[in-house]
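Reminder, nothing fancy here: chain letters follow the sequence lines and each chain counts from 1. The figures that follow rest on heavy atoms only: side chains count, while hydrogens, waters and symmetry mates do not.
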There are 2 protein chains.
Amino acid sequence: MGIADTFKALGSPVRREILVLLRGGRLSAGEIGEHFSMTGATISHHLSQLKKADLVFEIKEKNFVYYELNATVFEEVMLWVAQFREGENDEGK
Amino acid sequence: MGIADTFKALGSPVRREILVLLRGGRLSAGEIGEHFSMTGATISHHLSQLKKADLVFEIKEKNFVYYELNATVFEEVMLWVAQFREGENDEGK
DNA sequence: AATTTATTTAGAAAAACATCTAAATAGAAG
DNA sequence: CTTCTATTTAGATGTTTTTCTAAATAAATT
């Protein structure tokens, strides 16, 4: 949790690509892994960081674990970034 | 350059704090360093990563080097993040 | 020209991270 | 209740990152 974990999670190209995959809807850990040439263990590790950052949540179903985007945290990131846009100042923070 | 460098740069709490400091206007490397308990060499290294990511630019003046926010790249980050917001889909990308 | 002030570069050490293999867990199916 | 499938956890290893100290550069001042 916290913007620090969020930005740390977003710092990895692999994790950003996982998020892009999830734009198309929920995927199981295995399905996500198919898109990368890494072991399932490594993917699992990346997923746990995305989860810790609240960028995704998981739903356990049968013996699968499905991952889904958590849209709400992206709003937080947007707000953080917005403070640096041209014409922004202290007001409204 | 590129979104990868940008997110990598934003992944560090120190570098994010530097950006926040620069919201108040340009600062020299030394002035930035005063806000942290790190050597000037370390700060210089962080500044060079922010520069590489185009999040800041530098202006050399006298024997000082001033750093300033580069607002344009934050727009790029906003766009990247926006694709994950609720109600976003492929259209418009 | 020598010295001081501001910053960067180089190189080294320590900490954090990514990735792997192997073992553990958990549920499904035989 | 054993075996198979999906995923995670643990521990090891290599790579990247952070940070430091010391040396280098560069402009300003004496």
Difference in axis direction between the ends of the helix from C/dA1-D/dT30 to C/dG30-D/dC1, five pairs, 10°: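 So the angle between the two local helix axes works out to 10°.
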Check for a donor-acceptor pair, side chain of [X] on one end and backbone N or O of [Y] on the other, with a separation under 3.5 Å.
X: A/Gln83; Y: A/Trp80; value: yes
X: B/Arg15; Y: B/Leu10; value: no
X: A/Asn70; Y: A/Asp54; value: yes
X: A/His35; Y: A/Glu31; value: yes
X: B/Ser48; Y: B/His45; value: yes

I want to verify a distance call: between [options], whose nearest atom is closest to the [X] side chain?
X: B/Ala29; options: D/dT8, C/dT7, C/dA6; answer: C/dT7
X: B/Val65; options: C/dT8, D/dT7, C/dA29; answer: C/dT8
X: A/Asn63; options: C/dG27, D/dT7, C/dT7; answer: C/dG27

Give me the atom names and distance for the closest heavy-atom approach of [X] to [Y].
X: A/Val14; Y: A/His46; value: CG1-CD2, 3.8 Å
X: B/Leu50; Y: B/Ala9; value: CD2-CB, 4.3 Å
X: B/Asp5; Y: B/Ala53; value: O-CB, 3.7 Å

Sugar-phosphate only, base, or nothing, as touched by A/Tyr67 at under 4.0 Å among non-hydrogen atoms: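 Sugar-phosphate contact only - A/Tyr67 comes under 4.0 Å of backbone atoms but never of a base.
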Sugar-phosphate, base or nothing in reach of A/Phe36, heavy atoms under 4.0 Å: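 If one applies the 4.0 Å heavy-atom cut-off, A/Phe36 turns out to touch nothing in the nucleic acid.
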Please state how far atom [atom1] in [X] lies from atom [atom2] in [N], giving the value in whole angstrom units.
X: A/Leu50; N: C/dA18; atom1: CG; atom2: C1'; result: 14 Å
X: B/Phe64; N: C/dT4; atom1: CZ; atom2: P; result: 17 Å
X: B/Glu61; N: D/dA27; atom1: CD; atom2: C1'; result: 13 Å
X: B/Ile43; N: C/dT7; atom1: CD1; atom2: C1'; result: 12 Å
X: A/Phe7; N: C/dC17; atom1: CZ; atom2: C1'; result: 19 Å
X: B/Lys51; N: C/dT7; atom1: NZ; atom2: P; result: 12 Å
X: B/Arg26; N: C/dT7; atom1: CZ; atom2: P; result: 12 Å
X: A/Lys60; N: C/dG27; atom1: NZ; atom2: C1'; result: 11 Å

Quick test: give all pairs of protein nitrogen or oxygen and nucleotides 16-22 of chain D nitrogen or oxygen below 3.5 Å, distance rounded to 0.1 Å.
from	atom 1	to	atom 2	distance (Å)
D/dT17	OP1	B/Lys8	NZ	3.1
D/dT18	OP1	B/Arg15	NH2	3.3
D/dT18	OP2	B/Arg15	NH1	3.3
D/dT18	OP2	B/Gln49	OE1	3.1
D/dT19	OP2	B/His46	NE2	2.6
D/dC20	OP2	B/Thr39	N	2.9
D/dC20	OP2	B/Thr39	OG1	3.3
D/dC20	OP2	B/Thr42	OG1	2.8

Side-chain heavy atoms of A/Phe64 within contact of A/Ile59, under 4.5 Å: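 A side-chain contact under 4.5 Å is absent here.
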Short side-chain N/O contact from B/Ser48 to OP1 or OP2 of C/dT8, under 4.0 Å: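 Negative; the distance criterion is not met.
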